[in-house]
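For reference, the structure discussed in these notes is given below.
The basis for the numbers below is simple: all heavy atoms, side chains too, and nothing from hydrogens, waters or symmetry mates. Note on naming: letters A, B, ... go to the chains in the order of the sequence lines (proteins, then strands), and numbering restarts at 1 for each one. Given the structure is predicted, the values throughout are model-derived calculations rather than measurements.
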Amino acid sequence: MGSSHHLLVFLMFLHYAVGFTYNCVKILPDSSSSIVVEVGKNFTATCHLLEGCAYTSDDIEWRLGNLSIAKQSYHRINETAVSVTINISSDMSDWLKCTAPKESLSYKPRSIYGIFLRAGYPPLKPKNLSCIAVQEDKDISPNLNCSWDPGSRNPLIDTTYTVYANVLGTVLTHKADCKQHLARFCIVNLETFPIHMVLKVWVEVKNALGSERSELQNDSSYFAKPNPPLNVQVLTEDKFPTSLVVTWKHPIDRTILKLSYAIRYRKVTSNVWIEVPESFTRGYIESFRLQSLEPYTQYVVQMRCIGESNSSYWSNWSPSVTERTTEAKPASAPDLWRIIRPTSNSRNVTLIWKAPVKANGKIRFYNLSINQNNEKFESHNITADNLSQMYSMELPAGKMASIEITAYNSAGESPKATLSIPRSDKELPGVKDMSWSVRDEKLQVKWTAVLPLPHPLKLSEYLLEWVKIPQSVHQKELPAGWQRVPKNVTVTTLNAGLEKFKRYNISVYPIYKYQPGHVWHFQPGRPVTRPAYVQQGPPKEGPTVTVTKSKKNSAELTWEETPLDSHQGFIIHYTIFYAIGNTKQWKSETVGPNVHSYVLTDLASETDYVVYVMASTEAGSVKGTDCTFKTMKYGDGEVEVIVVVVCLSFLFLTVFIIMICLRKREVIKKLLWPQVPDPSDSSIAHWSPDFPIKADLPKEDVSVVEVDVFDGKSLCEEDKGVLPLKKDKYLSEEHSSGIGGSSCMSSPRHSVSDSDEGDSGQTTSSTVQYSTVLGSGYKGQTPSHQPPAFARSESTQPLLDCEEHPDHLNESQSRSSYFRRGRELEPGVLAPECDGGSLTFCPVQEEEPSPVAEEPPASALCYMPQKSGYRPQ
Amino acid sequence: MNCHVGNMVCLSQRSQAKFRMILAILILIAVELVHPTVSCKNETCSQLLRHSLRLTRLMSKRTTELLETYKTSQDFADLICDMQMDNVPVSTVSGQTISQRILSVYTHLKEFLPHMKTVMEQQKDLNPPTNPVAEGLNRMITHVRHIAVRVNCILEILQPNIPIPEPAESPTGIPHAQNIFQQKAYGCIVLTRLQELLSQAVQEQKSLKKGKMCRKSTKNGS
């Protein structure tokens, strides 16, 4: 098994080896490596059939890679050779193969031969070759750094870049191979940099398709780049405020490279460099004086150098050196301005000023001189402190003032600035109109020019003033800013750093000048002022709304204007939003910016509302705080109407009732005071079984007469001492409701009439009827012999000990009339009396028990027949 | 048949390659031969003279500095550097005419080169590896060679029709079996004499500048 397997492998190898070694075709040109062909060019290859080969030229087939080449490209040379021509493209790096097909039924494999084509481009000529050798210490570095532009075309094939350098006149050529693909730079070491020699440098680029070279040839100094000048210093000189002296050291020996220098300078505050003309610094110098500089100004100075006649590269710029020129006396006057605030009977004038534009030094102090009505008023030396560049004074309205100010620095004084403040009634005219707009986040102000004034007044310039509103309480700031523009200008942009969202009052003043003497006087005209914002924003806070009046269907809202500082813009309108409770169904009303109260109408009565006010600027809106209120249940006057109606109704009712009472008084009288039968007119009056009828019986009402049948002494008399306080009450009751009478308001049932038999039936469960047998005369009518009589009392009151007034008691003594409470009667005493038919009364047996019912048993009491009749009152 | 064609192609390619190679070598030789002349024509006379003078002045200065460095490093007295030693070229510029003196300068410069190389080698052996003298000498050799090129060009201008004799850079003739003192003394003497030669060369070139050499040559040349 193993040996047969090895034999099979050997035969396969043999077959394979024979297949590759036996070949009867060959391609020319041939190469052991790849054949480099140029892209875009035609390439012709010929396939030859070797001697003894059984194929013909017709059997030859060309293939590039795995693709057959079209037969049109074939050229049959003879029976054994066929050539093919192909146009090379950049993607044709592949095998070009010539094949002859396998013979049928032959053991021979097909013949094949190939050459590898590598497509590429010839090298491009390097452009912009430049070589630099920088300064090292006090010599030039031998390392020559060369760079070039290799071009953008990829050669596709291996391409080498080599830099050569040769000092003309010498045989030694230095060389550096650049390893990078498509190299752009290379460093060639010259061992020693040639000084004052002609150096030739060239870069050679080579590949299989060709070579190119670029070269430089120049004096060796042209390849050198010196260091910047050494030890650059800038010196100031007293009494020369407009110049600075620059000194430096040569960075390299003049025998190696003779240099010329360049100087540039600028103000510290500027980015623009000013270069000293090269002709001024052409010599081999080590100092230079910069002139025509500004006094007391910081300058930055830099230097660089180059081989004379531009025979080298420029060095880098030296590090910056900063120095300030010395002071000169101020070249311009301070900028003086004033702010006038009228007071009750004067004017508060604040003088403000700025340091001279050309201060030429540090201003030490100002001399301020004030004249009033052309007479020297006061003069001050004010220290130049940015915090106190202002002066306040009072100027009466009827006086004019002339102010002069001069600035001083260490070198001298400035020109004088003057300003006139006229009397209040002598103001000069202002500009006619003024408007502003925002452009590039700055305010642009436009105004109408003033008309020319009569001689000697001349328009000098315009002054634009801006004041932040509300004014800052910060003491360090000037209360206003201002800017002067020429008189022929009517549009300008404020160069002030105005804050966004802050209101400024912008004023335009024409400044007039006149020359009363030798000095020009300047006097501003009337200002035209407009509020302005450089940028508006939404208000910081919304107004707080309050409900001042809430009615049934309306509510009056009031809100105060928010602080001006929080407006951040012009309020264009307020919007009132209101909704019922938490319904969120907001309604809105918009009102103008000057409206600060509003009456909401069409509200639902007795309803909770939420309301807020939103303030809007052109940049946005901000809502204020919510306010909740409730509408009233009744509208204005409704309550009053109801009250009046009710009162009137009551009044009418009362009147009606009174009228009815008046008209029906007889009926009422009868109802309230039922006619009591006159006993005298009673037929019974004439009936007296035991006593004769006496004609002198009192005609007044006889109330109750009690006859003590026991011992002739009343029980009340026994209790008199016990109940003295009850006498009045009893008495009043007696007066108000004596037996046989009743008030209008008394219930009829309280009326007692024993004579009316029907009344006996009016006894209710809650009523205890008392009857007293009158045993004496009425009201002093003391019958000598009175027949026993009884009266009945009907009352809800429990029977008291005695209801008789003491006076009456006395009187009753005299009249021998008594009240007696039945319950106070001792049963043991009464019962036999009742049984014995005494004259005392007994309560009627009631249907229901009552407190009074606890009195002695009804069975022991009974109504006694009235022994004496009633008398009419 | 096929093989025959192939041999022909191969032969023609090989012969062409050989011809190109030979031609390139011949051109290179020709270029190299005319090289000094070519270099001289790249500059005007005044440029040439200016550069030559500056370079000579620079080398004179550098030689002085190098000599100081040498003496300091070798702890030598001036007296030793001034002593007589055979086989070291003299620094005296000879000749009656300016051309002869310039030629003398040129010849001496060429003579000094092998001595400078020897001193450099000796210094490398004496104080390896960071010997400032050896490093300075290496640069000096290059610059002296460059001065020689410049002077050669000046000679071409001064006597354009007379071929300039090229002194062979022969061995110094100094025996290798020198002791250290002898080597140091030899180095100092070489540098001293070189410095003297360069100083004289500066003077000669200055006289050339004063002598309106370039104006004359410009006229002649034009």
Side-chain angles (χ1 to χ4, degrees), chain A residues 24-31 46-53 57 77-83 113 136-142 166-174 190-200 211 217-222 252-258 307-309 311, chain B residues 1-10 12-13 28-29 31-44 47-62 64-65 135-154 156 198 202 205:
Chain A
C24 67
V25 292
K26 183 173 176 62
I27 297 175
L28 288 177
D30 194 6
S31 173
T46 307
C47 184
H48 297 273
L49 293 172
L50 299 182
E51 198 171 348
C53 191
S57 59
I77 297 170
N78 52 36
E79 284 298 319
T80 60
V82 174
S83 68
Y113 197 87
E136 275 183 359
D137 197 14
K138 294 197 172 183
D139 218 333
I140 304 295
S141 168
N166 172 253
V167 179
L168 291 190
T170 65
V171 293
L172 184 63
T173 298
H174 303 276
L190 304 177
E191 296 180 6
T192 299
F193 185 82
I195 299 168
H196 302 303
M197 298 298 291
V198 176
L199 183 64
K200 186 167 85 171
S211 66
Q217 180 174 308
N218 216 332
D219 190 274
S220 59
S221 63
Y222 286 92
I252 197 165
D253 195 277
R254 63 182 299 174
T255 53
I256 299 175
L257 190 61
K258 190 175 180 182
E308 66 173 356
S309 306
S311 61
Chain B
M1 179 80 178
N2 289 333
C3 189
H4 173 69
V5 172
N7 289 335
M8 284 179 66
V9 172
C10 290
S12 64
Q13 285 180 341
L28 193 64
I29 291 167
V31 167
E32 287 298 322
L33 285 173
V34 299
H35 212 155
T37 310
V38 170
S39 69
C40 296
K41 289 184 179 176
N42 285 309
E43 294 175 299
T44 62
Q47 284 176 330
L48 172 66
L49 191 56
R50 188 173 68 245
H51 284 142
S52 180
L53 183 58
R54 283 184 184 175
L55 182 57
T56 312
R57 193 183 287 143
L58 171 66
M59 286 307 106
S60 173
K61 189 179 175 185
R62 289 273 175 90
T64 307
E65 291 169 358
E135 196 176 329
L137 271 170
N138 189 28
R139 284 199 294 269
M140 187 71 70
I141 291 166
T142 305
H143 291 309
V144 168
R145 192 176 285 128
H146 291 166
I147 293 171
V149 172
R150 289 291 189 194
V151 172
N152 186 289
C153 289
I154 291 171
E156 280 188 10
L198 290 172
V202 169
Q205 290 180 54

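- Taken to the nearest 0.5 Å, the CG atom of B:L58 stands 12.5 Å off from the CZ atom of A:R254.
- Here the straight-line distance linking atom OG1 of B:T142 with atom CD1 of A:I195 works out to 10.0 Å at 0.5 Å rounding.
- When all heavy atoms of A:V198 and B:R150 are compared, the closest pair comes out as N-NH2, 3.8 Å.
- One distance of note links NZ of B:K61 with CG of A:D253; it measures 3.0 Å at 0.5 Å rounding.
- Side-chain atoms of B:R54 never come within 3.5 Å of backbone atoms of A:K258 as a donor-acceptor pair (strictly under, hydrogens ignored).
- The CE atom of B:M59 sits 7.5 Å away from atom OG1 of A:T255, with the distance rounded to the nearest 0.5 Å.
- A distance of 7.0 Å separates NE2 of B:H51 from OG of A:S311, quoted to the nearest 0.5 Å.
- For chain B, no part of A:D30 is nearby; none of its heavy atoms comes within less than 4.5 Å.
- The part of A:D219 that comes within reach of chain B is its side chain, from C-beta onward, which places non-hydrogen atoms under 4.5 angstrom from that chain.
- Enclosure of atom CD in A:E308 by more than 12 non-hydrogen atoms of other residues, nucleotides or ligands within 6.0 angstrom is indicated.
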Worked check of side-chain contact (heavy atoms from CB on, under 4.5 Å) between A:D139 and B:R139: CA-CA 11 Å; A:D139 218 333; B:R139 284 199 294 269; 4.1 Å; yes

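- Interface remark: B:H143 contributes side-chain atoms only to the contact with chain A (heavy atom separation under 4.5 Å).
- The shortest heavy-atom contact between A:I256 and B:R62 is CD1-NH2, 2.8 Å.
- Here the closest heavy-atom approach between residue A:L168 and residue B:V149 is recorded as O-CG1, 3.8 Å.
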